[in-house]
Amino acid sequence: MAGVSLKCGDCGALLKSVEEAQEHAELTSHSNFSESTEAVLNLVCTTCGKPCRSKTESDLHTKRTGHTEFADKTSEAAKPISLEVTKAPMEVDEPGDGSSSAQPEEMVAPEVDQKLLEELEGMGFPKARATRALHYSGNISLEAAVNWVVEHENDPDVDEMPLIPANTKAEAPKPTLTPEEMKLKAQELKERARKKKEEEEKRMEREREKERIRIGRELLEAKRIEEENERKRLLALRKAEKEEEKRAREKIRQKLEEDKAERRRKLGLPPEEPATVKPSASVAEEKKSSLPVRPATKAEQMRECLRTLKQTHKDDDAKVKRAFETLLTYIGNVAKNPNEEKYRKIRVKNQTFLDRVGSLKGGIEFLEICGFEKIEGDEFLFLPRDKVEMAVLNSAGSELNSAISNPFFGVL
């Protein structure tokens, strides 16, 4: 099988042409090249169309751009590589006045190293094959010629003597580059590689900017969806709370009805008629207007203060419970130590008192119902010793205990 690439024996790189091999040699100082039947990879990115010549290059492209799909077009791009020296065009005499005409150029066998040729013939290779191997391998070494023969042993013309134009027979080999020229050539190649790298970096920066914009849009959309879901969750939560409150009220109403029926049973009264359970609005209005209005007791006033406090701060159960417990502490200290003035005097602007009771609607009003009075320009709440009523304090303690322990307190 004819070779389709040149392989560097020093680093294993596959090269498409002699020109690429020369550039590789100038950049790396590698000189051991041989013809190979292994084709140079041609992996084309299906997203942006960038060709990659190796698996490492395609992996790097994926890491930089995120593109993962590649089309393997190696077989399409693979073609036999030519190792022959480019032939100069044959000079043909232009017809002049008809006195002369173009003559076909004479073809002769190329000159090769006779010592290497003898060694190859001594190894059993025919002269034509040995000559062809030395000529196409550059006439540089026995090893290169043998490698060429091994790689081209199936060529149909392997045993034919190669022919070249006679006028090139005695031509001197092409001079190699001087160290200065090689240095200039290397600098030129490095500059070309640098410019190519800068262009690639600019292209990658544009790709990264596009990716940042895309990610930013996705984050904004995700945030909007999250906020919408949170709003729906809060609406559902409020709806569930209303349903729970409705069920709690219904449960309390049923409990009141059952207690009322139980009291009538214990008193020996007949069950209440349905017609009398819910009197019409006109009858209720007449009864209301005819019955005397009973003033609210201090216990009812205390209960109303506590209910107002809980309903005002129903979204913060911890704050409500802390306020009830603080009030219970104040009342309990006075009830246990009525003669101690420090328990009967509270600084209104004290930060702890403000945070727990003073800033909550109904807190100071509750203490005033218990007998506390504002003194010294409303700076203190003070309960005089002669106004300490144990019955009122006990009633206040009972209302506070009920408010703390009853989960349905303040619902209605």
Indicate every side-chain donor-acceptor pair of residues 115-124 with a distance under 3.5 Å to a residue at least two apart or in another chain.
none

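- A salt bridge does not link Lys196 to Glu199: none of the charged nitrogens lies less than 4.0 Å from a carboxylate oxygen.
- Under a 4.0 Å N-O distance rule, the pair Arg212/Glu205 qualifies as a salt bridge.
- A donor atom on one side chain and an acceptor atom on the other are not found under 3.5 Å apart for Glu258 and Gln254.
- The pair Glu262-Arg265 meets the salt-bridge criterion, with a side-chain N (NZ, NE, NH1 or NH2) lying under 4.0 Å from an Asp/Glu carboxylate O.
- Sorted by first and then second residue, the salt bridge (Lys or Arg N to Asp or Glu O under 4.0 Å) pairs involving residues 340-354 (not counting sequence neighbours) are Lys345-Glu376, Arg347-Glu379.
- The pair Glu198-Lys195 does not count as a salt bridge, with every side-chain nitrogen at least 4.0 angstrom from each carboxylate oxygen.
- Taking all atoms of both residues into account, the shortest heavy-atom contact from Val44 to Gly49 is CG1-O, 3.8 Å.
- Salt bridge present: Arg194 and Glu191 bring a charged side-chain N and a carboxylate O closer than 4.0 Å.
- Checked against ring-ring contact (aromatic ring centres under 6.0 Å, His included), His313 has no partners two or more places apart in sequence or in another chain.
- Taking the charged nitrogens against the carboxylate oxygens, Arg206 and Glu209 have no contact shorter than 4.0 Å, which rules out a salt bridge.
- The pair Arg132-Asp157 meets the salt-bridge criterion, with a side-chain N (NZ, NE, NH1 or NH2) lying under 4.0 Å from an Asp/Glu carboxylate O.
- Taken to the nearest 0.5 Å, the CG atom of Leu327 stands 10.0 Å off from the SG atom of Cys305.
- Heavy atoms of other residues, nucleotides or ligands lying less than 6.0 angstrom from CD of Glu230 number more than 12.
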